[in-house]
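Let me begin by presenting the structure, written as structure tokens, before commenting on it.
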Amino acid sequence: VQLQASGGGSVQAGGSLRLSCAASGRTFSYYAMGWFRQAPGKERDFVAGISSNGGNTYYGDSVKGRFTISRDNAKNTVYLQMSSLKPEDTADYYCAADPVGSNVYYIPRYKTGYNYWGQGTLVTVSS
């Protein structure tokens, strides 16, 4: 599967952005999807994940209550709605996919659990 992330940009603290990740090449509904982020000089960290059937979501502690992950299997797209953005949210954001087969509620929570990655989209939050 090929992944194409978009929607990054510059925003002031307290603002909102919505990231999108469009998938192509394989049946999108077979994949759990995740968002990760990487700030300069830091590790790539888990942000949010959603199961292949959309029935289960999971968030990193730093974004709980502010970010929402969703997916539209008919459009082969996963979204990350980011609200109440903070300067510390500044990073390159990456989407990732993992084929989960019959585990339709499973969400990998580590980057090693994902087989496919899109390119990053940069989010910059100014104070």
Spell out, yes or no, whether [X] and [Y] are grouped together once hydrophobic residues are joined by side-chain heavy atoms under 4.5 Å, including indirect joins.
X	Y	result
I50	V1	yes
V100	Y31	no
L80	V11	yes
F28	I107	no

Separation between [atom1] of [X] and [atom2] of [Y], rounded to the nearest 0.5 Å:
X	Y	atom1	atom2	value
R71	S52	CZ	OG	6.0 Å
Y114	D98	OH	CG	7.0 Å
L19	S6	CG	OG	8.0 Å
I69	Y59	CD1	OH	6.5 Å
M33	Y116	CE	OH	12.0 Å
S10	L17	OG	CG	8.5 Å

For [X] versus [Y], what's the shortest heavy-atom pair and its separation?
X	Y	answer
L3	C21	CB-SG, 3.9 Å
N53	N56	OD1-N, 4.3 Å
R44	K111	O-NZ, 3.7 Å
N73	S29	ND2-CB, 3.6 Å
P87	S127	CG-CB, 3.9 Å
S84	R66	O-NH1, 2.9 Å

Please tell me if the side chains of [X] and [Y] come closer than 4.5 Å, counting only heavy atoms from C-beta onward.
X	Y	value
Q119	Q4	yes
M82	W35	no
N115	P99	yes

* To do: Determine the interplanar angle of the Y58 and F46 rings, folded into 0 to 90°, and report it as parallel if under 30°, tilted if 30 to 60°, perpendicular if over 60°.
  =>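 If you compare the ring of Y58 with that of F46, the planes turn out tilted.
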
* Which of parallel (below 30°), tilted (30 to 60°) and perpendicular (above 60°) describes F67 and Y93? ->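 Plane angle between 30° and 60°, so tilted.
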
* **R37: which of D45, D89, T121 passes side-chain hydrogen bond (donor to acceptor under 3.5 Å, both in side chains)** =>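 The single option meeting the side-chain hydrogen bond (donor to acceptor under 3.5 Å, both in side chains) with R37 is D89.
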
* Do side-chain atoms of T90 reach the backbone of T124 as a donor and acceptor pair under 3.5 angstrom? ->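 The answer is no, because no donor-acceptor pair under 3.5 Å joins these two groups.
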
* Within a radius of less than 6.0 Å around CD of Q2, do more than 12 heavy atoms belonging to other residues, nucleotides or ligands occur? ->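 Atom CD in Q2 is crowded, with more than 12 foreign heavy atoms closer than 6.0 Å.
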
* Asked: Are S16 and Q81 close enough, and set up right, to give a side-chain contact (heavy atoms from CB on, under 4.5 Å), and what steps lead you there?
  -> CA-CA 7 Å; S16 299; Q81 178 66 49; 4.0 Å; yes

